[in-house]
Amino acid sequence: MRHPIERRLLAGHLGLVYLFLYGPILVLIVLSFNKSGLPTAWTGFSLEWYGRMLRNQAILSSVGNTLIVASVSTLIATSIGTLLALGIDRLRPSALLEGIVFVPMIIPDIVLAIALLSFFTLLNVTLGLHSIILSHAVFNIAFVCAVVRTRLRHFDKSIIEASIDLGASEFRTFRRITLPVIFPGVLAGALLAFTLSVDEFIIAYFTSGAGSASTTFPMQIYAMIRFGVTPEINAVATFVLGFSFLLILLSQRLNRGVTP
Amino acid sequence: MTKTGELVQRLVLLGPGLGWLALFLVVPCGVIFAYSFFLRGIYGGIDYVFTLENYARAFDPLYLSIFLNSAKIAALTTALALLVGYPAAYLIATGPRHRQVPLLILVMLPFWSNYLIRTYAWIVLLNREGLINRALVDIGLIETPLPLLYNEFAIVTGLLYGYLPFMVLALYSSISRLNPEIREASADLGAPGWRTFLRVTLPLTLPGIAAGSVFVFVLSIGNFITPDLLGGGRTVMVGNLIYDQFLSARDWPFGASLAFLLIGLMMLLLFAQAWAVNRAQGERARA
Amino acid sequence: MTAGAKTLVEIAGATKRFGPVTAVDVLSLDIRENEFFALLGPSGCGKTTLLRMIAGFEQPDVGRILLDGRDITAVRPNRRPINMMFQSYALFPHLSVYDNIAYGLEMEGVRGAALKQRVDEALAMVRLEEFGRRRPHLLSGGQRQRVALARALIKRPRLLLLDEPLAALDKKLRGQMQLELKRLQHDTGITFLVVTHDQEEALAMADRIALLEAGKIAQLGSPRALYERPASRFVADFIGVMNFFEGRLAALAGGRAEIEVDGLGRLWAETEDLDGAAVGGPVTLAVRPERVRLSVAPAGAAGQNALSGTVVGVAYLGQDLIVHIGLPGQPAPLVARLGSGSHIADDLVEGAAVRCDWPPNDSRILLV
């Protein structure tokens, strides 16, 4: 390195950035094992809050709801989003199309939430898990589409022509060549969609309707933070952080083989 | 392939996705756009009478100040993210290749975990009884705990925490695309490190700066969770204002008009950014 | 090339436009059975479009393509008995070498032992018996190319199209593969149609070459014909290195032309027929560098095509020496090529006065 001092300063800065990013997370993790449950003092190691979390019926049922919402919306979004990516890939670039698939990723959650609430109310749709699923699929389709398109951009399109040249039909080419080649991207997109859906709060909050039957996990967390913080939340937080980190690392691994 | 075959294929590929987005994105946005021009019903419903009053009300000093305050908070967050993020992105992007991706994943990892929980972590830290106050009291820097939580400082901190990874990612992709030989050429021609940075690296990474800044600003100004949890329940940003119109004040038309003003502002910024990037790329292509 | 060989592919007046660009311009061409044919030309000359039309990936706007006398213009690419080796090789990244090669036969419904036998044969043909289980990204460039070849040849197509087959290889390997392709073409008896921008490659491999310029055929013929009897300045310039002298046709009699060149006087060339040449009209005289003879002699020496000049640059290429000679009134120096073992090699230093000449039958008259 030509400027060791400058780079050392930068490295120090980067260290502080990592401290800023991971410090709060580590604090939560440590607190989740604190016997007293309070951030004020360390009173010994305990798994008590994890035990309470696992016995809390409201938390458990909200986790169940979230798993339903996330899996179904992921399933919808993955299939539709992949098709959409394949379709857009064949078209000439169009600003309108780009805009439509870009907006769901950038539109403020609160705006999408009120729009969907208004729409469902107007049509007299009963709200519940199904309306959350329909709503989550909106942004998930866009994210899956974006991930799959990245994958499509990275692969040599001539292999599709090669397959046709060797006598395969369009459909067989799709099944035997295109789909297997983009599959890691599809899987990564699905994982991303699942993570986003598991974490999404505002849209679910607006489109879930009244009653606790369709309370999702983030809604439960929000309630716990907003209306009386109980120490269980640290355990919940640690659990959620571990879970999403695992999913993201997995999806990163899948997407690494983009250019072999 | 035949023309009809191609048409059928396009329909199968694009139909479901575009249909879904049309039905659950475009139409709902159309609905609230229409609502924003109607009167509020007596019991919170919609009176289908055309009016521009909702937009006029949004410019009432009371609400305008909330808009401006949101913009101020978002701008502050963006500036801080840029200041903190650029050196970090620069170091990662100019470091050894094999270390770049792991370092970047490490930055991005928190970004993909639950936003509520990441925001909650700051309640624990910034509380009157929180770790930061206790630490400051313990080392004798202060005697009474500072009011760190439930104010704009807390909101900016929370937003910065939430979106810094995004800024680093945008800057990284811009800096790493720079041909290192350009920097080396500048150094070779006798420019000291800081001049190379100011005259070469910084101008060439302006598109990344613009992209990162616009995204962080846009995500911040429309945020609801952070001002709600760290702002102490007072209505301080547009997101909360919209939320209140829909869930407590039950004035949907006014909430809808606020939402569209927010979207309009965002679009303006995104177009400006796209325009700036296009121009910069055009210049680079000509160079 | 035997006289009366059967026509395999006939391209009849094919035209293809992309927006304002005419890639292929009313082009007609016959490719004969069992020949090694090269489509040569600079990038953008339409050679790849023509190849893709034969493969079926592009449709001509006007004109037809016939195979064995049958119109295949509307036949889809997966139904044509034509296979292609792609420039990028287009190997399927998720399939092993074996499965890549087997793919085309599987599409024909070949299964089981018959499939295995033919894939093994194909692997042997390209000497990749040991690599069947590998994934393409673990192979070298040359090995990948051989997989692509085997994958296309296993279908025993009537015609094999090769799109810039050697472009991705390094120089040394390219020479080997040229011979390898010739051998495969000979052994399989399949007609090869190569697209290339590299004139050396085309000269080395092809039985016949069509040199394309702006969507039209500039010249069609054997490598020797293109090199020794270029039909136009474009051809002469594209194939090999050529010296040009612009002048006026001063006299034309008995197969011999005299050209008046400003500043140099008269030059002579032997010609076959010069249709459309008018005495007094502008012509170009062309001579290959290796035909130019050099001697270190006193200036002003007389003789046909004898010119006096000054050495302006010498490049040593190992076996050969390239000498640039400045001539009075000529914008570009004359290029001469001679063996580096030549007895005058040591005298050819910058600034040395030299005499160059060449026999009239080594120069060509070009009208266009």
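In what follows, chains are A, B, ... by sequence order, proteins preceding strands, each numbered from 1.
Across all non-hydrogen atoms, the minimal contact from B:Leu116 to A:Pro218 is CD1-O, 3.3 Å. The two residues B:Val31 and A:Phe119 come nearest to each other via the heavy atoms CG2-CD1, 4.3 Å. Contact record, B:Leu229 with A:Arg226: CD2-CD, 3.7 Å, taken as the closest heavy-atom pair. Summarising the geometry of B:Pro16 relative to A:Leu83, their closest heavy-atom pair is CG-CD1, 4.4 Å, with the distance given to 0.1 Å. The two residues B:Leu109 and A:Tyr22 have their closest heavy-atom pair at CB-OH, 3.3 Å. The minimum heavy-atom distance between A:Asp199 and B:Ser113, with the atom names listed, is OD2-C, 3.5 Å.
Using a 4.5 Å cut-off between heavy atoms, A:Leu86 contacts chain B through both its backbone and its side chain. Interface remark: A:Leu91 contributes side-chain atoms only to the contact with chain B (heavy atom separation under 4.5 Å). Both the backbone and the side chain of A:Ser118 come within contact range of chain B, each with at least one heavy atom under 4.5 Å from a heavy atom of that chain. For A:Phe201, the part lying near chain B is the side chain, with the backbone staying farther off; criterion is any non-hydrogen pair under 4.5 Å. When heavy atoms are compared at a cutoff of 4.5 Å, A:Leu116 approaches chain B by way of both its backbone and its side chain. Contact of A:Leu9 with chain B is not made at all, since no heavy-atom distance falls under 4.5 Å. Neither the backbone nor the side chain of A:Ala85 comes within contact range of chain B; no heavy atom of the residue lies under 4.5 Å from a heavy atom of that chain. Only the side chain of A:Val27 comes within contact range of chain B, judged by heavy atoms closer than 4.5 Å. Using a 4.5 Å cut-off between heavy atoms, A:Ile202 touches chain B through its side chain atoms alone. Looking at B:Val107, the atoms closer than 4.5 Å to chain A (heavy atoms on both sides) sit in the backbone and in the side chain alike. Heavy-atom distances place the side chain of A:Ile141, and not its backbone, under 4.5 Å from chain B. Looking at A:Thr121, the atoms closer than 4.5 Å to chain B (heavy atoms on both sides) all sit in the side chain, from C-beta outward. Only the side chain of B:Val218 comes within less than 4.5 Å of a heavy atom of chain A; its backbone N, CA, C and O stay farther away. Heavy-atom distances place no part of A:Ala113 under 4.5 Å from chain B, backbone and side chain included.
Residue with the most contacts toward chain B among A:Ala115, A:Ser244, A:Pro108, A:Ala11: A:Ala115 (heavy-atom pairs, distance under 4.5 Å). The candidate from A:Ala137, A:Gly23, A:Ala142 with the greatest count of non-hydrogen atom pairs under 4.5 Å with chain B is A:Ala137. The residue among B:Gly17, B:Gly222, B:Pro28 with the most heavy atom pairs within less than 4.5 Å of chain A is B:Pro28. When B:Leu18, B:Val238, B:Ile221 are compared by the number of non-hydrogen pairs under 4.5 Å with chain A, B:Leu18 comes out ahead. When B:Trp122, B:Phe111, B:Tyr90, B:Phe260 are compared by the number of non-hydrogen pairs under 4.5 Å with chain A, B:Trp122 comes out ahead. For the set B:Ile117, B:Ile242, B:Leu103, the count of heavy-atom pairs under 4.5 angstrom toward chain A peaks at B:Ile117. Chain B forms the most heavy-atom pairs under 4.5 Å with one residue out of A:Val240, A:Val103, A:Ile106, A:Thr82, and that residue is A:Ile106. Chain A forms the most heavy-atom pairs under 4.5 Å with one residue out of B:Leu23, B:Leu219, B:Val168, and that residue is B:Leu23. Ranked by heavy-atom pairs under 4.5 Å with chain A, the first of B:Gly30, B:Ala121, B:Gly19 is B:Ala121. Contact tally against chain B (heavy-atom pairs below 4.5 Å) for A:Asp109, A:Val198, A:Val101, A:Ile100: the top residue is A:Ile100. When each of A:Ile114, A:Val17, A:Leu123, A:Val138 is checked for heavy-atom pairs under 4.5 Å with chain B, A:Ile114 comes out on top.
One distance of note links CD1 of A:Ile80 with CG of B:Leu13; it measures 12.5 Å at 0.5 Å rounding. Note: A:Leu21 CG to B:Arg118 CZ = 9.0 Å, rounded to the nearest 0.5 Å. Taking CD1 of B:Ile263 as the reference point, atom CD1 of A:Ile107 lies at 4.0 Å (rounded to 0.5 Å).
Using a 4.5 Å heavy-atom threshold, the side chains of A:Leu122 and B:Tyr35 count as touching. When side chains are defined from C-beta on, A:Phe206 counts as touching B:Leu247, because their heavy atoms get closer than 4.5 Å. At least one side-chain heavy atom of B:Leu160 sits less than 4.5 Å from a side-chain heavy atom of A:Phe20. A heavy-atom distance below 4.5 Å is not found between the side chains of B:Leu91 and A:His13. You'll find the side chain of B:Asn114 stays beyond 4.5 Å of the side chain of A:Leu241, heavy atoms only. The shortest side-chain heavy-atom distance between A:Ile110 and B:Phe246 does not fall under the 4.5 Å cut-off. Residues A:Leu84 and B:Leu14 are in side-chain contact: their nearest non-hydrogen atoms beyond the backbone lie under 4.5 Å apart.
Ring-plane geometry between A:Tyr222 and B:Phe224 is classed as tilted, the angle between the planes lying from 30 to 60 degrees on a 0 to 90 degree scale. Taking the six-membered ring for Trp and thresholds of 30 and 60 degrees, A:Phe102 and B:Phe215 have ring planes more than 60 degrees apart, a perpendicular arrangement. A parallel orientation is assigned to the rings of B:Tyr243 and A:Tyr205, their planes being inclined by less than 30° (bins at 30° and 60°).
Open room surrounds CE on B:Met267; 12 or fewer heavy atoms of other groups in view lie less than 6.0 Å from it. Other residues, nucleotides and ligands place no more than 12 heavy atoms under 6.0 Å from the CZ atom of B:Phe271.
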Exercise for the section: Go through A:Ile76 and B:Trp20 one step at a time and tell me if the side chain to side chain contact (heavy atoms under 4.5 Å, CB included) criterion holds. Expected result: CA-CA 10 Å; A:Ile76 296 170; B:Trp20 196 285; 3.6 Å; yes
